[in-house]
Each structure stands twice: as structure tokens, then as C-alpha cells.
2 protein chains.
Amino acid sequence: MRRTPARRPTMKDIARRAGVSESAVSFALNDRPGVSAATRDRVRRVAEELGWQASTAARALSGEGSATVGLVLARPASTLGVESFFLQLVSGVQEALSRRRLGLLFQVVEDLDAECATYRRWWAEHRVDGVLVVDPCRDDPRPDLLDELGLPAVVIGSMTDDPAAEPPAHPGISNLWADDAAAMASIVGHLHGLGHRRITHIAGLPGLAHTRRRMRSLRAEAERRGLTEVASVTTDYSDAQGAEATRRVLARDRPPTALVFDNDVMAVAGLAAAAERGLSVPADLSIVAWDDSVLCRSTHPSMTALVRDTAAFGRHAAERLIALLDGEAAVRVQDDVPRLAPRGSTAPPR
Amino acid sequence: MRRTPARRPTMKDIARRAGVSESAVSFALNDRPGVSAATRDRVRRVAEELGWQASTAARALSGEGSATVGLVLARPASTLGVESFFLQLVSGVQEALSRRRLGLLFQVVEDLDAECATYRRWWAEHRVDGVLVVDPCRDDPRPDLLDELGLPAVVIGSMTDDPAAEPPAHPGISNLWADDAAAMASIVGHLHGLGHRRITHIAGLPGLAHTRRRMRSLRAEAERRGLTEVASVTTDYSDAQGAEATRRVLARDRPPTALVFDNDVMAVAGLAAAAERGLSVPADLSIVAWDDSVLCRSTHPSMTALVRDTAAFGRHAAERLIALLDGEAAVRVQDDVPRLAPRGSTAPPR
DNA sequence: GATGAAGACTAAAGCGCATTAGTTCGCGAC
DNA sequence: GTCGCGAACTAATGCGCTTTAGTCTTCATC
């Protein structure tokens with residue numbers, strides 16, 4: 001026998017039980033003037049007893065917003081779930097959101113168009129008060145769209161290829177990014193310091209702004225140091241393409257002595273690809289992974305990696321969004337600079 | 001200048017524009033009788049023009065449910081994002097949900113108590129119509145709670161230690177699980193077939209039902225085959241404890257010749273730990289990983305692993321939940337049996 | 001040609017909350 | 001002793017939608 005599910009208590013129940021009107025209950029629970037301290041306490045106690053929680057639906061309807069923020073991930077299903085980045089980011093986001101009892105509406109879609117459609121739908125359905133946008137890309141349509149809808153948003157990641165360029169102003173949109181240029185500089189510095197002069201960067205998706213930014217930073221840094229045999233190749237972030245790219249660049253006439261991978265998964269795949277070729281890491285080839293994870297620490301040798309606190313990054317982004325929801329102005333801020341953790345996969349070239 | 005955000009069109013707008021009453025609009029848009037085909041079409045066209053979408057808040061308030069399902073992950077932040085399992089599961093879940101325009105409300109919490117509190121809150125706030133529950137454990141308080149709240153749910157994973165035992169009936173709760181017994185049997189069969197007689201199972205969290213189920217299945221299978229030197233040890237799924245457990249069991253007098261790890265991360269860590277001891281895989285030690293991933297395919301040698309379609313698993317779970325929401329009865333079904341993919345990490349013992 | 005009934009549509013209520021406009025009461029001020 | 005005023009509280013309205021109860025028209029029925 002299914003027990004009849006408990007009925008959710010409403011403000012009316014509280015009102016009846018506390019012997020006051022519904023409005024008084026509303027005032028009491030929302031800390032608005034209009035009730036005495038005694039009544040406020042009594043109402044609070046009754047609400048507590050009944051286990052009352054405001055219905056977000058009703059709240060949303062009376063103009064208070066939905067107490068929810070959205071996050072859309074536009075990645076083909078195949079490349080999903082390979083990186084630890086997102087779950088960590090999300091866990092940080094949660095941390096900040098839960099303090100304010102905000103929910104996180106999560107959606108995985110195939111592509112950018114579907115992502116935009118999702119925003120439109122969420123907006124029309126009153127589902128979210130704001131959104132977190134990841135993977136900014138070239139000619140990104142999302143900031144304009146979100147601005148048009150009046151949906152507060154925080155873009156996570158650099159919005160421009162060029163570190164120096166000002167991104168177009170979007171009044172309702174904050175931007176938080178990691179300093180890719182400094183990070184790339186520290187990687188190149190580490191490798192160059194070890195004596196490497198031929199470095200290849202196995203990058204991620206070419207459409208993403210941060211990919212372009214990293215590539216640009218790499219070129220700039222190489223130029224500054226007078227390194228001429230430095231290049232980037234792009235991939236889709238998958239282990240397959242990471243391995244494939246590794247094989248390709250290692251097959252060249254003058255193969256690189258060091259590889260920089262744009263994520264942990266590709267770095268590990270690259271390590272295996274090098275082993276296939278009979279190359280020993282780090283003796284014959286040095287490898288650096290952008291973003292640390294268990295993967296990087298579990299390989300043999302363990303992976304020199306760019307460590308950043310992804311959860312904190314997510315937390316900061318969520319805090320920015322909360323600030324926007326509270327009516328503060330949009331900001332553009334740079335997050336902490338990632339730190340390079342040298343491990344076993346990098347050494348002087350042979 | 002911030003443009004004034006576009007106002008969301010409501011049914012009233014449609015009604016005015018189509019020259020009918022709001023009720024007629026509601027009937028038309030919901031395919032209810034009470035309007036002529038002509039009116040229905042006209043209303044539909046106007047709604048389309050205006051880009052109208054029903055406000056989920058208003059819908060929820062008038063008893064239609066919130067068009068949202070919830071998923072809580074109770075894991076300390078530290079162990080989060082190490083496995084690819086969850087994102088893959090979620091992407092499958094999405095696939096099924098998005099067909100019905102259901103949103104996924106996602107929450108990461110520290111422990112089971114917080115998870116239960118989340119369910120209570122969601123229920124009281126009318127936030128979700130149903131939930132997906134992962135990581136069922138011993139004396140799990142969640143099914144009872146969800147039943148009490150009348151919140152439809154699908155439990156993902158086996159709810160009992162004993163494959164033969166009937167779990168307590170929860171009328172509003174479906175259960176979907178992978179056949180751990182069969183999977184364990186195939187692993188033991190593979191290893192025994194290669195000639196291994198001393199097998200140690202490096203299991204996951206001892207509190208989880210599926211951990212206990214796997215351990216039980218291992219014992220049963222060993223008994224059936226007359227293997228006496230077979231055992232399980234439990235861990236917290238982390239690479240650290242995986243490595244630590246590996247070192248411990250390999251230091252025994254009669255160390256095992258084969259190890260079975262409950263996740264990919266520990267298997268890789270175990271591989272490294274074996275290498276430290278000077279053991280060569282698979283010559284001196286065979287290793288099997290439960291759940292395949294990039295990691296398993298990227299090690300050297302590549303890892304013999306239990307392959308299952310996690311995204312499909314998530315999709316099936318979400319479909320079960322949708323069935324519950326549609327008023328169908330709860331079911332208990334077993335999902336596809338995982339398949340063992342023999343790779344380089346297993347071979348006959350020396 | 002009066003009677004019913006079905007069909008197309010409108011009016012109104014209600015969901016749970018916030019909010020605005022009253023209403024009542026007590027108390028200090030003149 | 002009356003007036004005024006603020007504090008404490010209630011009544012009523014609206015948010016956007018669904019749904020039930022009506023109203024009005026038309027058309028078949030005996």
C-alpha cells in the first residue's frame with residue numbers, strides 16, 4: 001500500500017496554526033516590517049514545526065525569480081565525461097550556490113545552437129534567474145543573446161583571443177578567466193629552462209577562445225625567447241585525437257622534444273602514444289599537461305601539470321553571478337594564476 | 001545602455017491577439033477539447049509568433065509539476081571528478097529527459113544526511129517531480145524518505161547485498177541495476193581460465209550496496225570454482241587508497257597473482273604500485289579494472305576492463321523515471337550485463 | 001416547433017506566495 | 001477628552017496557468 005504522500009504545508013497552514021493572517025506570516029518569514037517580534041517568533045516556530053519551505057514555483061510567479069541558475073554544456077556526448085574539469089567546476093559552483101539556496105539546472109546539449117535555444121526556453125519558462133556560460137568561442141552569439149533576454153550571466157573563460165583586447169561590453173554579463181598567457185609562459189619557461197627548443201602544443205578545440213588565446217600566448221612567448229620551432233595543433237580534446245596528434249608530430253623530420261597538452265586526457269593518451277613509438281618519457285620526450293588530475297598523478301612517470309583550483313574557479317564564478325543577481329554591476333576579473341607542478345614527465349632533452 | 005529586457009509573452013497576450021479568451025488559449029495549446037480546429041490553429045500560430053513558452057512556475061503552481069527531476073551526488077568534494085562515470089551517466093540521463101523537456105536539477109553535497117535534507121527541501125519547494133538516486137548503500141534511508149514524501153524515484157544500482165534477496169518494496173520507487181554477479185563471474189572466469197588461483201579484489205566503499213554485492217559474488221564464484229585464496233579489501237575509491245591496498249596485499253606471504261579493482265582510477269594507481277615493487281604486468285601480476293575509461297586504454301600495458309555503456313545506463317534510468325511520472329507502476333529491472341574486454345594487463349601467471 | 005444535447009467558447013476560481021491598500025488599536029500630545 | 005499617528009495586523013489583488021462551472025449557439029430529434 002502506498003501511503004498517501006504527505007501534503008506540503010503552505011503559508012495558510014502556518015497562518016491558521018499561529019492564529020494570524022497569511023500576510024502576517026509572509027512578513028514574519030521574510031523579515032519585513034509589519035509584525036511584532038513576538039508574532040514573528042511564533043510564526044517562525046510554527047513554520048519550523050511544520051517543515052515549511054517556500055514553494056519556488058509560487059515565489060517565481062510573484063516576481064521573486066526562480067532561485068535557480070542554469071549551466072549548459074555544449075559538447076557532443078562522445079567527448080563528455082572524459083575530463084575531470086567539469087565535475088570539479090560544478091562542485092565549486094554548488095558550494096557557492098547552496099549558501100544562497102540556489103538550485104543548479106544542468107543541461108547537456110549537442111551544439112551551440114541548441115545551447116542558445118536552451119537559454120531562450122529557460123528564459124521564456126521563467127526557469128532560471130541567471131546562467132553560467134562555459135567554453136566561450138569566436139564570434140560567440142551567447143553574450144548578445146543573453147543580454148537581449150536580460151538574463152544575467154557569468155562567462156567562464158577568456159572571451160577574446162587576444163589577451164590585450166577589450167571584449168565587447170555586455171552590461172549584464174560578468175567575465176571571469178584564468179590567466180592563460182601567464183600559465184603558458186610558465187610552461188614554456190620551465191621547458192626552455194630544461195633546454196628544450198622544439199615544443200609542440202597539442203591544443204583543444206580550435207573554435208574556443210581560450211584555445212586561441214593559449215596558442216597566441218605560446219607564439220608570443222616563443223618569439224620572446226627566440227624559439228623558432230614551436231607550434232600548436234588543434235584537436236577535439238579526446239584521447240583519440242590526442243594520441244593521433246602525438247603520433248603525427250613525432251613522425252616529423254625534426255620532432256619536438258617536448259609536448260604541451262591542453263587537457264589531462266590527451267596528455268595521458270600522448271604518453272601511451274610515445275611509448276608505442278618506443279620513446280621513453282622523460283628521457284626522449286617531455287610532456288606537460290594543462291590541468292592536473294588523478295590521471296596525471298597515476299601515470300608512470302607522473303605528469304608535470306598545470307595545477308589550478310578548478311573548484312575555487314567555479315565557486316568564484318558562481319559568486320560573481322550571485323552578485324549580479326543582487327543587482328551589482330557586471331565585472332571582468334581575472335582569477336588566480338595557475339601554478340606549474342613539475343613532476344616526472346619533464347626533464348632535459350637528450 | 002542596457003536595453004530593457006524583452007517581456008515574456010503570456011497567454012493573455014496570445015488571447016488578446018487571437019481574439020479569444022485565455023481559457024480557449026489554454027485548451028488550444030494543451031490539446032484539450034473545447035475549441036474548434038480553426039481556433040486551435042490560429043492560437044497555435046499566434047503563440048509561435050510571439051515565441052511563447054509556458055511558464056514552468058505557473059504550471060507548477062497549478063498542479064502540473066515542475067517539469068524537473070533531481071539528482072544529488074553525495075560525495076566529498078575531494079573524491080569528486082575522478083571518475084568519468086558520473087558525467088557519462090548524466091549525459092545519458094539528459095538525452096532521455098530532454099525529449100520530454102524535463103530539466104535536471106543537480107546538487108553536490110557532502111554526505112547522506114545532506115542528501116536527504118536536499119530531497120526534503122526540493123519536495124517542500126515543489127522543485128522536482130522525481131529524483132534519480134545513485135550509490136545505494138546499506139540501510140539506505142532514502143527509499144523510505146522518498147516514499148514518505150511521495151516523490152517518485154529511480155534507484156540506480158543494486159539495493160541489496162544479496163543478489164537473491166528481494167529488496168523491501170517501495171511502491172513509488174523503481175530500481176535499475178547492472179548485473180554485478182554476472183560481471184564478477186566473467187572476471188573470475190577470465191582469470192581462472194588463465195590459470196590464476198590467488199585473486200584479490202580491491203573494492204570500493206564498504207557501505208555501498210554494490211560493493212557488498214560484488215564481494216559476495218566474488219566469494220560465491222570462488223567457492224563454486226574451488227578457489228580458496230580469494231579475498232576482497234575495501235577502499236574509498238581514491239587512487240591513494242588503491243595504491244596503498246595494492247602494496248599491502250602484494251606484501252603478503254602468498255601474494256595474489258591477479259587483482260580486480262573496483263574502478264579505473266584505483267586500477268591505474270595499482271599498476272603504478274606494482275611497478276614500484278618491481279613487478280611486471282601482466283607477467284608477474286594481472287590486473288582487471290571495473291569500468292573502462294580513457295585511463296584504462298592509455299596505460300601501458302592497456303587495462304583489461306569491464307566495459308559497460310554508462311550513458312545508456314543513465315538513459316534507461318531516466319526513462320524509468322519518466323514512466324513513473326506518467327503514472328506507470330514501479331519496476332525493478334536489471335540493465336545490460338557488462339562485458340569484459342581482455343587487454344594487455346591480464347595473462348597467465350608465471 | 002418545442003426539447004435536448006453537443007459544441008464552442010467565456011467567466012471565474014484556485015494554486016502559494018508577495019505586496020499594496022486598508023483597518024484597528026493603543027498611546028502620546030495638546 | 002479628542003485628535004493624530006504609527007505599529008500591528010488583515011483583506012484583497014496579482015503573478016500565469018489549469019480547470020470547473022457556466023453561457024450561448026447550433027443542429028438533430030420526436
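Basis for what follows: all heavy atoms, side chains included, without hydrogens, waters or symmetry-related copies. All chains are named by letter (A, B, ...) in the order of the sequence lines, taking the proteins before the strands, and each is independently numbered beginning at 1. Since we're looking at a predicted model, the values are computed, not measured.
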Net bend of the helix from C/dG1-D/dC30 to C/dC30-D/dG1, end axes of five pairs each, nearest 10 degrees: 60°
List, one per line, each side-chain donor-acceptor pair under 3.5 Å for residues 313-320 of chain A, sequence neighbours excluded.
residue: A/H316; atom: ND1; partner: A/A312; partner atom: O; Å: 3.3
residue: A/H316; atom: ND1; partner: A/D335; partner atom: OD1; Å: 2.7

Per A/S26 side chain, nearest of listed nucleotides D/dC15, D/dT10, C/dA18: C/dA18
Between D/dG22 (P) and B/E22 (CD): distance, integer Å: 20 Å
Backbone N/O of A/E22 and side chain of A/S26: donor-acceptor pair under 3.5 Å: no
Residue list, salt bridge (charged side-chain N to carboxylate O under 4.0 Å, His left out) with B/E49, at least two apart or on another chain: B/R17
Separation of C/dA18 P from A/H126 NE2 (nearest whole Å): 17 Å
Protein proximity profile, nucleotides 20-27 of chain C - base contact B, sugar-phosphate-only contact S, no contact -, cut-off 4.0 Å on heavy atoms: B-------
Residue B/A24, side-chain heavy atoms: nucleotide from C/dG16, D/dT10, C/dT10 that is nearest: C/dT10
Interatomic distance where CZ belongs to B/R59 and P belongs to C/dG16 [whole Å]: 18 Å
Sugar-phosphate only, base, or nothing, as touched by B/M11 at under 4.0 Å among non-hydrogen atoms: base
5' priority, DNA chain D, between B/P9 and A/V20 [closest heavy atom]: A/V20
Sugar-phosphate, base or nothing in reach of B/S55, heavy atoms under 4.0 Å: sugar-phosphate
Sequence-distant partners of A/A124, side chain to side chain contact (heavy atoms under 4.5 Å, CB included), two or more places apart: B/Q53
Between D/dG16 (P) and A/E64 (CD): distance, integer Å: 14 Å
Contacting residues from residues 28-54 of chain A, given that a heavy atom lies under 4.0 angstrom of DNA chain C: A/N30, A/R32, A/W52, A/Q53, A/A54
